[in-house]
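Presented below is the structure to which this report refers.
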Amino acid sequence: MTNAQWFLLVGCLLLAMGLTSSVLKRLPVTSAIIYLAVGMLVGPTVLHLFHFNPLKESALLEILTEAAALISLYAAGVKMPVPVSLARWRTPILLAFVSMAVTVGLVAAFAHYVLGLPLGAAILLGAIVAPTDPVLATEVQVRHPGDRDRLRFTLTCEAGMNDGSAFPFVMLGLGVLGLHELGELGSRWLLVDVVWATLAGIALGAVSGAGLAHMAHRLRSNRPGQGLLDDFLGLGLIALVYGVSLLISAWGFLAVFFAAVALRQTERKLAGAGPDVPDRLLANYIGEGGEGVPAATVSEGSLVFKEHLERLSEVVLILLIGGTLFVDSWSWRAVSLALFLFLVARPVSVFVGLAGTRTPWNARALAGWFGVRGIGSLYYLMYAIQHGLPEKLALELIHMTLIVVTLSILCHGISVKPLMERFWPER
């Protein structure tokens, strides 16, 4: 396809989605399914007007998926309910770390013993497809910063954390393949890739987000007439936190998510607003002392822009996914992996992770099904390829990962609206 044809395709698609948004909301499909269908139509599956080769374009796709994931993690973080508490966060933490590890182990065992992949490749594949996705799971995400829905919060918070908690397993898989230093008996992997990178990422994010909130609050307090570019501040926070994470070998996805969480939590505390005060009233909120408290709205002011970027990245990346698939891409190996992940690994890992908690059974069942896979999986795959994954193995993992993501878009996209309406009505 020429540049002109690409502009025509994307322009017509965006116009169609914008003009028919109210109609699409009533249909039992998500926007991701429509983008995927268009990509498959113009790609090698039907018309073959273009073909996107993930192996040849792995460097480009790594950057695109990395940027999309970072923007989505920021948007998810600033929508987390206030205040943060262990009681509220216990369930998503268990899902993001315990269920994550169980999923990696189950998928790795299936890939090694059933599909015949080498152990390192099996662990790597498990780490690639295990994390749930904050980009494509919009139908089950927290809808706005004041959303109190427990299931939506759990799934959004889990997706925000497990995009980072999967990284140690990616490095473990690469290490077993001889592409990453694990240390004697895995000591370096445990100390650096697990303990240091995780704790440093969380700490860096929390300190950076809180620091920006205090800085913005002070500027607004001292100079009431001075406006701030909240969009730029949000983007700057993402870039700064992620850049520092790379320099100190911390997990940047965790850092950006917790930076966004800390930003919003700190802003509301500085504004003197309790947890029940809606964000839209922060600008007019009056503190207990009777003096007007200036609004601290970096998180709120930048959220809309980040959500628009998230939607645009979804359009581009899913079109590219559709453009990678051939008719013969649907092998039994890839489809069986996807079915095992959706019907066995994810449900089992959720029930194991939440064993002993008071989570309602319908919430456990829905969380066990709605483990949407997407952009994060593609990023980890491209990351592995850029770190020297052999071509033959890279092609096999590309094939399996793309089918997993495609089936996730289709299966979860078709089922999300009827299942949520039936088993988890608006609350």
Could you measure the distance from the [atom1] atom of [X] to the [atom2] atom of [Y]? Nearest 0.5 Å is fine.
{"X": "H387", "Y": "L124", "atom1": "NE2", "atom2": "CG", "value": "11.5 Å"}
{"X": "R188", "Y": "L182", "atom1": "CZ", "atom2": "CG", "value": "8.5 Å"}
{"X": "E158", "Y": "S165", "atom1": "CD", "atom2": "OG", "value": "8.5 Å"}
{"X": "L73", "Y": "M161", "atom1": "CG", "atom2": "CE", "value": "11.5 Å"}
{"X": "I398", "Y": "M382", "atom1": "CD1", "atom2": "CE", "value": "4.5 Å"}
{"X": "I33", "Y": "L36", "atom1": "CD1", "atom2": "CG", "value": "8.0 Å"}

Any donor-acceptor N/O pair, [X] side chain to [Y] backbone, under 3.5 Å:
{"X": "W189", "Y": "P168", "result": "yes"}
{"X": "T45", "Y": "L325", "result": "yes"}
{"X": "T2", "Y": "Q5", "result": "yes"}
{"X": "R346", "Y": "A130", "result": "no"}
{"X": "S329", "Y": "F326", "result": "yes"}
{"X": "S302", "Y": "V298", "result": "yes"}
{"X": "T198", "Y": "V195", "result": "no"}
{"X": "W196", "Y": "I248", "result": "yes"}
{"X": "H180", "Y": "L174", "result": "no"}
{"X": "T406", "Y": "L402", "result": "yes"}

How far apart are the closest heavy atoms of [X] and [Y], and which atoms are they?
{"X": "M400", "Y": "L115", "answer": "CE-CD1, 3.9 Å"}
{"X": "A259", "Y": "V241", "answer": "CB-CG2, 4.1 Å"}
{"X": "G322", "Y": "P44", "answer": "O-CD, 4.5 Å"}
{"X": "A111", "Y": "A122", "answer": "CB-CB, 3.9 Å"}
{"X": "N162", "Y": "A159", "answer": "OD1-O, 3.4 Å"}
{"X": "L389", "Y": "A394", "answer": "CD2-CA, 3.8 Å"}

Could you go through Y242 and L70, starting from their C-alpha distance and side-chain angles, then the distance that decides it, and tell me whether this counts as side-chain contact (heavy atoms from CB on, under 4.5 Å)?
CA-CA 9 Å; Y242 194 65; L70 289 172; 3.6 Å; yes
What do you reckon, is [atom1] of [X] surrounded by more than 12 foreign heavy atoms closer than 6.0 Å?
{"X": "F7", "atom1": "CZ", "result": "no"}
{"X": "L185", "atom1": "CG", "result": "no"}
{"X": "N3", "atom1": "CG", "result": "no"}
{"X": "R90", "atom1": "CZ", "result": "no"}

Within-4.5 Å side-chain heavy-atom neighbours: [X] and [Y]:
{"X": "V315", "Y": "L14", "value": "yes"}
{"X": "L204", "Y": "L254", "value": "no"}
{"X": "L151", "Y": "M420", "value": "yes"}
{"X": "T65", "Y": "L317", "value": "yes"}
{"X": "V372", "Y": "T132", "value": "no"}
{"X": "L235", "Y": "K306", "value": "yes"}
{"X": "E396", "Y": "E391", "value": "no"}
{"X": "V104", "Y": "V129", "value": "no"}

Ignoring hydrogens and geometry beyond distance, is a side-chain donor-acceptor pair present between [X] and [Y] at under 3.5 Å?
{"X": "S99", "Y": "S349", "value": "no"}
{"X": "E66", "Y": "Y383", "value": "no"}
{"X": "D133", "Y": "S377", "value": "no"}
{"X": "W369", "Y": "S415", "value": "yes"}
{"X": "S331", "Y": "H399", "value": "yes"}

Residues pairing under ring pair (Phe, Tyr, Trp, His ring centres under 6.0 Å) where one sits in residues 337-356, two or more places apart or in two chains, turn out to be F110-F340, F342-H412, F351-W361
Contacts of E62 meeting side-chain hydrogen bond (donor to acceptor under 3.5 Å, both in side chains) (sequence neighbours excluded), chain-then-number -> none
Tested for side chain to side chain donor-acceptor pair (under 3.5 Å) against S299, the lone hit among R268, Q265, E267 is E267
V84/V261 under side-chain contact (heavy atoms from CB on, under 4.5 Å): CA gap, chis, key distance, verdict
CA-CA 9 Å; V84 171; V261 172; 3.9 Å; yes
Q | Audit row: N53, T324, side chain to side chain donor-acceptor pair (under 3.5 Å) steps and yes/no | A | CA-CA 6 Å; N53 188 324; T324 64; over 6 Å; no
Task: Evaluation steps, side-chain contact (heavy atoms from CB on, under 4.5 Å), between R364 and T357 - done: CA-CA 10 Å; R364 298 188 197 202; T357 69; 3.6 Å; yes
(Q) side-chain contact (heavy atoms from CB on, under 4.5 Å), that's the test. Do T359 and T154 meet it? Break it down for me. (A) CA-CA 10 Å; T359 307; T154 296; over 6 Å; no
Taking NZ, NE, NH1 and NH2 as the nitrogens, is one of them in K79 or E300 under 4.0 Å from a carboxylate oxygen of the other?
no
Open item on the list: Can you classify the ring geometry of W251 versus F167 as parallel (below 30°), tilted (30 to 60°) or perpendicular (above 60°)?
Closed with: parallel
